[in-house]
Amino acid sequence: MIELHSVSKHFGGAAAVEDFSLRIEAGALCVLVGPSGSGKSTVLRMINAMIEADQGKIELRGQDIRSLDPVLLRRGVGYVIQSVGLFPHWTIRENIAAVPRLLDWSDSKVSARIDEIVALLQIEPSLLPRYPRQLSGGQQQRIGVARALAADPDIILMDEPFAALDPLSRANLQEELRRLHARSGKTIVFVTHDMDEALLLATNMAVMHKGRLVQSGAREEILLHPVNDFVRDFFGREAMQFRLLDIVPVRARMKRRWVGAAETIAAGASLKQALNLMLARRCARLRVEDESGARLGEIDIADIIAGGHER
Ligand SMILES: Nc1ncnc2c1ncn2[C@@H]1O[C@H](COP(=O)(O)OP(=O)(O)O)[C@@H](O)[C@H]1O
Ligand SMILES: [Mg+2]
């Protein structure tokens, strides 16, 4: 869906991105993570044809982006940035409608789409006639996401979109994004320097350092097998096992056995939630159920501890 082949970009002789290759499958939520200055935004801007790579090739939906009109390319890709970038003299409604208007959608189609997007992102309809300055930062950010989604692009690029938000708005929008991604099957490239955000959202992760790709793959893979000390340190050596508890589901460690446990946990819950429940109820074993309440098996505290190195 999105492929970067040995892409490099220099600014005044200094490499911002160096020999960067990555394949992002359709429907992935790929999180580009790395410290500030590691080249994440530059990668995103190159995918969006806002800046051109010095070397290498970028393909979008199988097409070399150099063969595409950059303006048309950008209309087909949703782009969300931290500073939102809403047009200050346009109402919220006009802001959301910006790309559909550029694409010459009819008034009725634009109107129907706005209704849809407002419901999807749980935007208070009374905000629509207002101007951006009359909204809180969290509300503006939500509108920024709405605007990027309005024309229903199959690719969405997000550059630290939630970085400036208070923790509650941030958690809300992260949850919203996860739901939206799971339902829509869109391809999302999400940039962040926040490891917890990366682990929460990613289906795939790409770790950058000094313009280079250091490691890419599934979250668990990177947590369990960091390729070097940079990745290990970036994930916070000591906290690594705790982070794993957060992302590995009970389903992955439960056993089909029936010793008899009093407390119940959902198969989709995290190991951290399981451990928390064990600690709260002072028990070492939980009964595991699926969404419909059917008994699947049990998870024992030993399953959690023993599982740390398996694969
Ligand atoms: N337009 C630019 N002109 C000069 N240097 C730039 C420009 N954009 C980015 N850089 C430099 O490239 C490097 C990578 O930047 P960036 O991609 O913004 O990193 P990140 O998004 O990971 O923080 C940094 O050293 C930055 O200073
Ligand atoms: Mg950046």
Side-chain angles (χ1 to χ4, degrees), residues 2-24 28-60 65-66 70-71 73-74 77-86 137-138 140-141 144-145 147-148 155-166 169-170 173-174 177 187-202 204-217 219 222 226-236:
I2 305 173
E3 277 189 85
L4 298 104
H5 304 276
S6 303
V7 171
S8 296
K9 178 71 191 177
H10 293 73
F11 291 108
V17 173
E18 187 79 62
D19 196 20
F20 184 95
S21 298
L22 183 67
R23 184 186 158 86
I24 300 164
L29 201 172
C30 178
V31 177
L32 265 186
V33 68
S36 181
S38 56
K40 307 179 297 294
S41 296
T42 304
V43 168
L44 224 55
R45 290 195 196 108
M46 287 191 288
I47 296 174
N48 208 20
M50 291 158 81
I51 53 178
E52 203 182 330
D54 301 334
Q55 278 164 46
K57 184 163 93 167
I58 301 175
E59 287 179 320
L60 224 59
I65 62 170
R66 276 170 302 203
V71 174
L73 181 156
R74 285 196 288 271
V77 173
Y79 190 68
V80 190
I81 52 174
Q82 183 188 321
S83 55
V84 195
L86 296 177
Q140 288 191 35
Q141 202 64 63
V145 176
R147 187 178 57 173
I155 297 176
I156 300 161
L157 309 176
M158 308 182 89
D159 194 348
E160 310 223 16
F162 309 145
L165 298 180
D166 62 275
S169 309
R170 185 173 191 166
L173 276 170
Q174 287 169 340
L177 181 69
T187 309
I188 301 179
V189 189
F190 188 104
V191 162
T192 183
H193 63 267
D194 178 335
M195 191 49 63
D196 291 307
E197 184 168 70
L199 289 172
L200 179 75
L201 296 175
N204 298 84
M205 226 159 42
V207 186
M208 289 188 73
H209 181 41
K210 294 183 176 166
R212 290 179 181 273
L213 179 71
V214 190
Q215 188 169 9
S216 66
R219 302 174 299 182
I222 295 178
V227 292
N228 60 21
D229 279 346
F230 169 76
V231 178
R232 210 169 283 122
D233 288 340
F234 194 59
F235 279 96

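Both ligands and their constituent atoms are indexed starting at 1 by order of listing.
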Between [X] and [Y], is there a donor-acceptor pair closer than 3.5 Å when you use the side chain of the first and the backbone of the second?
{"X": "Asp54", "Y": "His10", "value": "yes"}
{"X": "Asn48", "Y": "Met50", "value": "no"}
{"X": "Lys40", "Y": "His193", "value": "no"}
{"X": "Glu18", "Y": "Ser6", "value": "no"}

Heavy atoms of the protein only: does one fall short of 4.0 Å from atom 26 (C) of ligand 1?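 It does not: no protein heavy atom is found less than 4.0 Å away from atom 26 (C) of ligand 1.
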[atom]: which protein heavy atom is closest, and how many Å away?
{"atom": "atom 12 (O) of ligand 1", "answer": "Ala16 CB, 3.2 Å"}
{"atom": "atom 18 (O) of ligand 1", "answer": "Ser41 CB, 3.7 Å"}
{"atom": "atom 19 (O) of ligand 1", "answer": "Gly39 N, 3.2 Å"}

Give me the one residue out of Val80, Leu200, Ile156, Ile188 that meets side-chain contact (heavy atoms from CB on, under 4.5 Å) with Leu177.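 Testing each of Val80, Leu200, Ile156, Ile188 against Leu177, the sole residue satisfying side-chain contact (heavy atoms from CB on, under 4.5 Å) is Ile188.
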Is Gly12 close enough to touch ligand 1? Criterion: a residue heavy atom under 4.0 Å from a ligand atom.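 Contact absent.
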Give a yes/no verdict on whether any heavy atom in Gly37 is under 4.0 Å from an atom of ligand 1.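 Within the 4.0 Å threshold, so yes.
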What's the spacing between Arg23 CZ and Ile2 CD1 if we round to 0.5 Å?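 With rounding to 0.5 Å, CZ (Arg23) is 11.0 Å from CD1 (Ile2).
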Supply the atom-to-atom distance Met208 CE to Ser41 OG, rounded to the nearest 0.5 angstrom.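 So the gap between those two atoms works out to 9.5 Å.
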Atoms in ligand 1 with a heavy atom of Ser38 nearer than 4.0 Å: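 Listed by number with element: 19 (O), 20 (P), 22 (O).
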Where ligand 1 meets Pro35 - atom numbers and elements under 4.0 angstrom, heavy-atom basis: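 Those atoms are 22 (O).
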With nothing but distance in play, are any N or O atoms of Thr42 less than 3.5 Å from an N or O of ligand 1?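 It does: an N or O of Thr42 is found under 3.5 Å from an N or O of ligand 1.
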So for ligand 1, is Phe11 a polar contact partner (N or O within less than 3.5 Å, distance only)?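 No; the residue has no nitrogen or oxygen that sits under 3.5 Å from a nitrogen or oxygen of the ligand.
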Please report the C-alpha distance between Arg170 and Asp196 in whole Å, then the side-chain angles of each, then the deciding distance to 0.1 Å, and finally whether the salt bridge (Lys or Arg N to Asp or Glu O under 4.0 Å) criterion is met. CA-CA 12 Å; Arg170 185 173 191 166; Asp196 291 307; over 6 Å; no
Ser41 N/O/S atom closer than 2.8 Å to the Mg ion (ligand 2):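 Within the cut-off used here (under 2.8 Å), Ser41 does place an N, O or S atom near the Mg ion (ligand 2).
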